[in-house]
Amino acid sequence: MAKTALITGSTSGIGLGIAKAFAQLDYNIIINGLGSEEQINETINELKSQTKGEVIYDAANMLKPDEIEAMIKNEQDKFGVIDVLVNNAGIQHVSKIEDFPTEKWDAIIAINLTSAFHTIKHSIEKMAAQKFGRIINLASAHGLVASPFKSAYVAAKHGVVGLTKTIALEHAKDGVTVNAICPGYVRTPLVEAQLADQAKTRGITEEEVINNVMLVAQPTKQFITVEQLGAFCVFLASDSASQINGAILSMDGGWTAQ
Ligand code: NAD
């Protein structure tokens, strides 16, 4: 029977890249995230052309615990167990702490950290019961090190690292692994949006943000690709990765080796 993967925040960027990687293995795919009806339908059709499994869109807002719980329950009713859960939804806001809007802090912590608590809480028992489950949390190099002006994001991603390690211990004997991937800069809509913000905050051009801020710490001087992240998730979901548990795995071109 086809396995099922649920990827939060998969209507664009990294999440969509991960969804495509699992679609190519004929998983049932549950995508989630924001976007226009037209964009989402296009994405569903693209994924359907890549998998023999089903493709479902769930509109649950990662700010809302009751919607997250309903999403997990609905998909469990449909597919039995969510075999692979990828907590990927995330937002960013770049600002000095003294100007940081409180509502942005709350939203970043809710979407980037607390939503993963809820998805895991409601899906892990069924994974443990079937003695197989894979939980992959998209943290960030900012789950390991900080950069100025990203207080909420860095706090949330460090939180994701702690959550990952803790849950990895709780069901280690049940065939359920919980790992975090810490990417460096991946050129996605989230990074595109930061370019303008960073340029404004720092008073430099967008080109200078790319060369002197974003990739300055990334020794390879290249952005990571969503395809590389998709392939990494597929490996973590495989039987070969069954002893990788509670690991905080960098894919950052050497950024955090420094
Ligand atoms: P993106 O903006 O392209 O995608 C974010 C996804 O989250 C979208 O599908 C969006 O609709 C969804 N989302 C946002 N708010 C939501 C909400 N309230 N409810 C449901 N879905 C919501 O961003 P991305 O760059 O692909 O980032 C994906 C993840 O990877 C994030 O957790 C991000 O922090 C992390 N990450 C990104 C980079 C990078 O350089 N792009 C680096 C390290 C980590």
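One-based numbering, in listed order, for ligands and for the atoms of each.
- Side-chain contact, Asn137 with Thr164: a donor N or O sits under 3.5 Å from an acceptor N or O.
- For atom 41 (N) of ligand 1, the candidate residues are Leu113, Asp58, Val186; the nearest heavy-atom contact is made by Val186.
- The heavy atom nearest to atom 31 (C) of ligand 1, out of those in Ile31, Asn88, Asn137, Asn112, is found in Asn88.
- Residues Leu236 and Arg134 have side chains not in contact (no heavy-atom distance under 4.5 Å, counting atoms from C-beta outward).
- The distance from atom CD1 of Ile224 to atom CG of Leu229, rounded to the nearest 0.5 Å, is 7.0 Å.
- The closest protein non-hydrogen atom to atom 25 (O) of ligand 1 is Thr188 OG1, 2.4 Å.
- A salt bridge is defined here as a Lys NZ or Arg NE, NH1 or NH2 lying under 4.0 Å from an Asp or Glu carboxylate O, and Lys48 with Glu54 fails to meet this definition.
- A donor-acceptor pair under 3.5 Å is absent between the side-chain atoms of Asn88 and the main chain of Ile7, judged by distance alone.
- With a 4.0 Å cut-off on non-hydrogen atoms, Arg187 does not touch ligand 1 at all.
- Here the protein heavy atom with the shortest distance to atom 21 (N) of ligand 1 is Gly33 CA, 3.5 Å.
- An N or O contact shorter than 3.5 Å is missing between Ser140 and ligand 1 by distance.
- By the criterion of a heavy-atom distance under 4.0 Å, the backbone of Ser10, and not its side chain, is placed next to ligand 1.
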**Request:** Begin with the C-alpha distance, continue with both residues' side-chain angles, and end with the deciding distance and a verdict on side-chain contact (heavy atoms from CB on, under 4.5 Å) for Gln24 and Val234.
**Result:** CA-CA 10 Å; Gln24 281 153 23; Val234 162; over 6 Å; no
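- Under 3.5 Å, the side chains of Thr119 and Asn87 contain a donor-acceptor pair of N or O atoms.
- Of all the heavy atoms of Leu34, the ones lying under 4.0 Å from any atom of ligand 1 are found in both the backbone and the side chain.
- A ring-ring contact (aromatic ring centres under 6.0 Å, His included) check over residues 87-114, counting only residues at least two apart or in different chains, returns the pairs His93-Phe100.
- Residue Ile111 places no N or O, backbone or side chain, under 3.5 Å from any N or O of ligand 1.
- Of the heavy atoms in Thr11, both backbone and side-chain atoms come closer than 4.0 Å to ligand 1.
- No donor-acceptor pair closer than 3.5 Å links the side chain of Gln198 to the backbone N or O of Leu195.
- Under a 4.0 Å criterion applied to the non-hydrogen atoms of Val191, ligand 1 contributes the atoms 39 (C), 40 (O), 41 (N).
- If you look at Val226 next to ligand 1, there are no close heavy atoms at all, none under 4.0 Å.
- At the top of the distance list for atom 36 (N) of ligand 1, counting protein heavy atoms only, stands Tyr153 OH, 3.5 Å.
- Heavy atoms of Phe223 found under 4.0 angstrom from ligand 1: none, in either backbone or side chain.
- Counting only distance, with no hydrogens or angles, the side chain of Gln194 and the backbone of Val94 share no donor-acceptor pair below 3.5 Å.
- Neither the backbone nor the side chain of Ala141 comes within 4.0 Å of ligand 1, counting heavy atoms alone.
- What sits closest to atom 12 (C) of ligand 1 on the protein, heavy atoms only, is Gly9 CA, 3.6 Å.
- The nearest heavy-atom contact from the protein to atom 1 (P) of ligand 1 is Ser12 OG, 3.5 Å.
- Applying the 4.0 Å criterion to heavy atoms of Ala139 picks out, from ligand 1, the atoms 35 (C), 44 (C).
- Contact annotation for Asn61 and ligand 1: heavy atoms of both the backbone and the side chain come within less than 4.0 Å of the ligand.
- Between Gly90, Gly13, Pro183, Ala156, it is Gly90 that holds the heavy atom closest to atom 5 (C) of ligand 1.
- Looking at Lys157 next to ligand 1, an N or O pair under 3.5 Å apart turns up.
- When heavy-atom distances to ligand 1 are checked against a 4.0 Å cut-off, Ser115 has no atom that comes that close, whether in backbone or side chain.
- A heavy-atom separation below 4.0 Å is found between Gly184 and ligand 1.
- Of the N and O atoms on the side chains of Thr205 and Glu208, at least one donor lies less than 3.5 Å from an acceptor on the other residue.
- No side-chain donor-acceptor contact under 3.5 Å links Asp26 to the backbone of Thr51.
- At the shortest separation from atom 26 (O) of ligand 1 among protein heavy atoms lies Ile14 N, 2.7 Å.
- Salt-bridge formation is not detected for the pair Asp83/Lys3: no Lys NZ or Arg NE/NH1/NH2 atom is positioned less than 4.0 Å from an Asp or Glu carboxylate oxygen.
- Near Asn32, with a cut-off below 4.0 Å to any heavy atom, the atoms of ligand 1 are 20 (C), 21 (N).
- Residue contacts with ligand 1 include Ala60, since one or more of its heavy atoms lies under 4.0 Å from the ligand.
- Listed by first and then second residue, the ring-ring contact (aromatic ring centres under 6.0 Å, His included) pairs involving residues 228-254 amount to none (not counting sequence neighbours).
- Ile91 CG2, 3.8 Å is the protein heavy atom nearest to atom 14 (C) of ligand 1.
- Of the protein's heavy atoms, Met62 N, 2.9 Å lies nearest to atom 19 (N) of ligand 1.
- Side-chain contact of Asn28 with Thr4: a donor-acceptor pair under 3.5 Å is present, judged by distance alone.
- Using 4.0 Å as the threshold, Gln92 has no heavy atom nearer than that to any atom of ligand 1.
- Between the Asp252 side chain and the Gly254 main chain, a donor and an acceptor come within less than 3.5 Å of each other.
- Using bins of under 30°, 30° to 60° and over 60° for the plane-to-plane angle, the ring pair His142/Trp255 lands in the perpendicular bin.
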